[in-house]
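Notes follow once the structure below has been shown.
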There are 2 protein chains.
Amino acid sequence: MGTTQLESVPEPKYWHLKTVIGEALDSDFAVGEILPNERELAARFGVARATLRQALEQLELEGRLQRRRGVGTTVAPPRVGVDVSTTQHTWPGVGEDTWQSVDSAAGTAPAAVARLLEITADEPVHVVRRLRVTEGQPVAAELLYVPSGSVPGLGAVEVPGGVDRARSVLRELQRLALDGQDRSVELGSARADDARELDRLPGAPVLVVTTRYLSEGGTAAVSVATYRADTCKLTFGDSGEMVMAS
Amino acid sequence: MGTTQLESVPEPKYWHLKTVIGEALDSDFAVGEILPNERELAARFGVARATLRQALEQLELEGRLQRRRGVGTTVAPPRVGVDVSTTQHTWPGVGEDTWQSVDSAAGTAPAAVARLLEITADEPVHVVRRLRVTEGQPVAAELLYVPSGSVPGLGAVEVPGGVDRARSVLRELQRLALDGQDRSVELGSARADDARELDRLPGAPVLVVTTRYLSEGGTAAVSVATYRADTCKLTFGDSGEMVMAS
DNA sequence: GAGTGGTCTAGACCACTAT
DNA sequence: TAGTGGTCTAGACCACTCG
């Protein structure tokens, strides 16, 4: 006797906890069901609350739990598949109801975006803010950067920021010939403003989808879309509109 | 007087710290440079080590820092863009040097994969393990599931698990007509075996790319590829082979 | 006001890497 | 063996939601 465990490679407690709780979620809980609170769970497993939280954080990262301050921890539904394929070859905002224009204003692009647009950081751009809603839930917040040079027809318009202005920018953009687009996906953490629109806390993990719209040999616009990583699965259909099983 | 701050919405300390350190990284540090250790940084900012770590974790999640136990915290290089576009319409392993076959064995598919393959969870499948290497660094670990029914020519072969066996499975697969593929990307945390191959700790954030290979009206194979989320940016070119600027 | 998750502290010890 | 990041504890207080 003496040794409590024979594990030659001791597994961290939170890792083991995550496994145990994960299995319990499969067998003993239904989607939407509320878990015991963190203090009770920690006591039940005989660990400090911080350790328990580390396990819950991982499960939330994997989309299996949802935690809301002041409410509790619930079992999350399977991730929603949101289509972000590039097969349509269309400008943003054509015949779609998935994206809602929120507003638009004149401004400048952050350095990384300016580089993609092949402009300098102080050149004026139209910034269009849109929100993607699926099944009643906001899943993504987007900032669309359109250099003034891409939509010269908008030069004289002086609509104060708002939905109408956003629609005008999109309309002007759609006049251009779209040559192609490319896209990248990376992990990020939600900025304060995006987090608010996505009903998450700042710093929440998000999937950042950066799209470059190409026209006449150059980059006519760049979209930076921030998807909730906990609830979303991005799908890239290739053959027709195949939908992945959940 | 009296109130120390007029912030109506007090920002968490770790959030503020993340901003401060992030700016310092831009201005005062070069890629690869090593930061002061956590205990010193915490003391310098007058916070507990756990709080400092929360800020570092976020920066690591955003790919700006790299932490290695026993070594220290270094400034990470910009994320590597890895192409995962579906424009080529080819089976895995044709004329590529980006993926290295590691080994293969007979086994069964996890429930979620079996569902995509439209088989039951106990049907035999070939499981091929591959590793994607870019610029000398392992960026992704893949498990390719091929139902025995998809490659009947392999029925009699009884090569014990190994690289040769993996190559045979891929070769047989490439005999089939590829009708299309679809792909999904979601956030996950690295399983222990993937983590080891990717030189990360278990639970590290990863981008999970699930690909379904379609042939003759069904799903001939499913690939589950686990990309390091800290170092990778997935790119989906659409117009030729456009490469996103880093 | 009661109850929840979120933040923060000041320690301790462990696993790993380099010298 | 010294120094690093990783894990863990046992508290405390705060911000938020809801009855």
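Every chain is numbered from 1, with letters handed out A, B, ... down the list of sequences. Only heavy atoms go into these numbers, but all of them, side chains included; no hydrogens, no water, no symmetry mates.
- Residue A:T73 places no side-chain N or O under 4.0 Å from the OP1 or OP2 atom of C:dT4.
- Looking at heavy-atom distances under 4.0 Å, A:L56 makes no contact with the nucleic acid at all.
- For A:K13 and C:dC13, the NZ to P distance is 15 Å, given to the nearest whole Å.
- OP1 and OP2 of C:dG5 both lie 4.0 Å or more from every side-chain N or O belonging to A:R53.
- Counting to the nearest Å, the P atom of C:dG6 and the CD atom of B:Q54 are 11 Å from each other.
- Evaluation of the salt bridge (charged side-chain N to carboxylate O under 4.0 Å, His left out) rule for A:D199 yields no partner, not counting sequence neighbours.
- The stretch residues 61-71 of chain B touches DNA chain D through B:R67, B:R68, B:R69, B:G70, B:V71, each having a heavy atom within less than 4.0 Å of the strand.
- One atom, NE2 of B:H16, and another, P of C:dC8, lie 12 Å apart when rounded to the nearest Å.
- Looking at B:T235, B:T98, B:L234, B:L207 one by one, the single match for side-chain contact (heavy atoms from CB on, under 4.5 Å) with B:V82 turns out to be B:L234.
- Applying the 4.0 Å criterion to OP1 and OP2 of D:dG3, one finds that B:N37 has every side-chain N and O outside that range.
- The side-chain contact (heavy atoms from CB on, under 4.5 Å) test applied to B:L201 returns B:R69, not counting sequence neighbours.
- Going from atom CD of B:E57 over to atom C1' of C:dG6 covers 14 Å, rounded to whole Å.
- The stretch residues 38-50 of chain B touches DNA chain D through B:E38, B:R39, B:R49, each having a heavy atom within less than 4.0 Å of the strand.
- Taking atom CG of A:L52 as the reference point, atom P of D:dG11 lies 16 Å away to the nearest angstrom.
- In the set C:dC8, D:dG5, C:dG5, C:dC8 carries the atom at the smallest distance from any side-chain atom of B:T51.
- In terms of the salt bridge (charged side-chain N to carboxylate O under 4.0 Å, His left out) criterion, residue partners of B:R49 (sequence neighbours excluded) are, by chain and number, B:E38.
- When B:R129, B:R228, B:R200 are each tested for a salt bridge (charged side-chain N to carboxylate O under 4.0 Å, His left out) with B:D194, only one passes: B:R129.
- Closest contact between the side chain of B:L201 and the listed nucleotides C:dT7, D:dT9, D:dG6 involves D:dG6.
- Listed by chain and number, the residues in a side-chain contact (heavy atoms from CB on, under 4.5 Å) with B:A195 are B:A190, B:P202 (sequence neighbours excluded).
- For B:R39, the salt bridge (charged side-chain N to carboxylate O under 4.0 Å, His left out) criterion is met by no residue, not counting sequence neighbours.
- For B:E57, the salt bridge (charged side-chain N to carboxylate O under 4.0 Å, His left out) partners at least two apart in sequence or on another chain are B:R53, B:R67.
- Applying the side-chain contact (heavy atoms from CB on, under 4.5 Å) test to B:V127 and every residue at least two apart in sequence or in another chain returns B:V125, B:L143, B:Y145.
- Nucleotide D:dT9 holds its P atom 13 Å from the OH atom of A:Y14, rounded to whole Å.
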